*Asks:* 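Questions regarding the structure given below will be posed in turn.
As the structure is a computational prediction, the values presented were derived from the model and not from experiment.
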Amino acid sequence: MRRALVAVTAMLLATACSPGAGATSGAPPAALTVFAAASLKGALDEATAAYEAANRGTTITLATDSSAALETQIEQGAPADVFLSADTTSPARLVEDGFASGEPVAFAGNKLAVIVPKGNPGAVTSPFDLAKPGLKVIAAGDEVPITKYATQLVANLAADDGSPAGFEEAYARNVVSKEDNVRAIVGKIELGEGDAAIVYATDADASGGVDALDVPDGANVPATYAGVAIKASPNQAAAAAFLAWIAGPDGQEILATFGFLPPPS
């Protein structure tokens with residue numbers, strides 16, 4: 001159903017761009033390179049196809065990794081036109097350091113989930129079990145945005161009246177690997193190389209190889225995704241137009257089909 005909705009959206013957008021009709025973005029055709037957080041991969045595959053259909057002559061190359069890694073690549077001169085991050089910190093740093101045009105644009109929200117492999121070999125029944133002795137937790141590198149959100153979630157759980165003593169310290173001891181991005185975390189859990197992990201809710205929903213545990217609403221951590229146009233881009237107008245589109249009604253409709261939330265107001 002989700003893919004059918006996106007296909008219909010793309011068809012309608014393409015119709016709007018037939019001879020005699022203006023392109024949705026109003027931007028000149030361009031070849032754009034979009035650097036995006038790994039957790040956006042599935043949604044952006046379909047969103048960029050819809051955007052290309054609505055803007056004839058525009059092509060988009062999508063590169064995904066952790067937001068921190070992509071930020072570093074841009075700072076080192078990697079050719080990108082748009083950067084879509086899983087946080088607001090990385091885009092803000094690019095603006096502050098002179099690598100981006102304009103202010104960051106918030107375009108999506110997310111929540112966190114605790115995932116376990118199918119069959120749940122670690123017998124994880126609640127987020128508090130993340131501190132069980134001997135449990136193997138898969139996490140991400142310190143600079144990856146999911147780590148910041150996960151650290152806050154663990155702190156929130158530790159403050160709960162039902163939390164076991166020393167929850168944060170026990171969780172940290174259980175971390176057996178730190179992956180490059182969220183998709184790598186999910187992959188390890190799918191393969192049974194870990195007993196549990198904290199990931200974005202959209203990644204939990206997209207995987208057929210994991211089960212997700214409910215996280216108490218009072219402890220969950222909202223994630224805000226933001227993007228910027230890159231100052232070195234030779235396609236400034238087209239980059240700004242795509243960023244506005246993904247944050248606008250058409251982009252939001254597609255992101256929502258993948259479980260993303262509207263950005264916090």
Side-chain angles (χ1 to χ4, degrees), residues 6 25 27 30-52 55 58-95 99-110 140-141 143-149 179-187 199-203 205-207 223-233 235 238-248 250-263:
V6 173
S25 71
L32 295 176
T33 297
V34 175
F35 280 16
S39 54
L40 290 164
K41 176 69 165 64
L44 286 182
D45 281 341
E46 299 205 17
T48 54
Y51 189 81
E52 289 174 339
N55 295 271
T58 292
T59 60
I60 299 177
T61 299
L62 184 63
T64 58
D65 203 337
S66 81
S67 300
L70 295 172
E71 177 197 344
T72 298
Q73 291 174 31
I74 291 168
E75 291 168 344
Q76 294 175 345
D81 299 288
V82 178
F83 174 46
L84 302 178
S85 179
D87 64 1
T88 59
T89 303
S90 292
R93 276 198 296 256
L94 290 179
V95 171
F99 292 98
S101 303
E103 293 301 311
V105 175
F107 65 89
N110 215 332
E143 298 301 318
V144 182
I146 188 63
T147 300
K148 176 185 68 177
Y149 297 128
E179 304 304 311
D180 291 338
N181 55 57
V182 176
R183 290 177 70 85
I185 295 175
V186 175
V199 299
Y200 299 113
T202 53
D203 288 290
D205 291 343
S207 172
T224 300
Y225 289 58
V228 286
I230 304 306
K231 184 175 290 186
S233 167
N235 305 302
F242 175 77
L243 185 57
W245 181 88
I246 201 69
D250 293 327
Q252 292 296 294
E253 182 177 2
I254 295 173
L255 288 169
T257 67
F258 285 81
F260 287 94
L261 305 171

*Asks:* For the side chain of Ser67 and the backbone of Ala86, is there at least one donor-acceptor N/O pair under 3.5 Å apart?
*Replies:* yes
*Asks:* Whether the Ser233 and Asp81 side chains hold a donor-acceptor pair (N or O, under 3.5 Å, no angle test) is what I'd like checked.
*Replies:*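 There is such a pair (donor and acceptor under 3.5 Å, judged by atom type) between the side chains of Ser233 and Asp81.
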*Asks:* Phe260 and Ser39: which non-hydrogen atoms are nearest, and at how many Å?
*Replies:* CZ-O, 3.4 Å
*Asks:* For the side chain of Gln252 and the backbone of Phe107, is there at least one donor-acceptor N/O pair under 3.5 Å apart?
*Replies:* yes
*Asks:* For the pair Thr224 (side chain) and Gly109 (backbone), establish whether a donor and an acceptor sit closer than 3.5 Å, ignoring hydrogens and angles.
*Replies:* no
*Asks:* Is it true that atom CD of Glu143 has more than 12 heavy atoms of other residues, nucleotides or ligands lying nearer than 6.0 Å?
*Replies:* no
*Asks:* Taking the side chain from Asn181 and the backbone from Ala184, do they hold a donor-acceptor pair closer than 3.5 Å?
*Replies:*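 Yes, because the side chain of Asn181 sits within donor-acceptor range (under 3.5 Å) of the backbone of Ala184.
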*Asks:* Might you point out which heavy atoms bring Ile246 and Leu255 nearest each other, and give the distance in Å?
*Replies:*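 Heavy atoms of Ile246 and Leu255 come nearest at O-CD1, 4.0 Å.
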*Asks:* Okay, side chain of Glu179, backbone of Gly141: is any donor-acceptor separation there less than 3.5 Å?
*Replies:*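 No; judged by distance alone, with no hydrogens or angles, the pair does not exist.
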*Asks:* Answer yes or no: is there a donor N or O on one side and an acceptor on the other, between the side chain of Ser85 and the main chain of Gly227, under 3.5 Å?
*Replies:* no
*Asks:* How far apart are the closest heavy atoms of Ser90 and Glu71, and which atoms are they?
*Replies:* OG-OE1, 3.1 Å
*Asks:* Any sub-3.5 Å donor-acceptor pair from Asp203's side-chain atoms to Val199's backbone N or O?
*Replies:* no
*Asks:* Verify whether one side chain among Asn110 and Tyr225 offers a donor that lies under 3.5 Å from an acceptor in the other.
*Replies:*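 A donor-acceptor contact under 3.5 Å links the two side chains.
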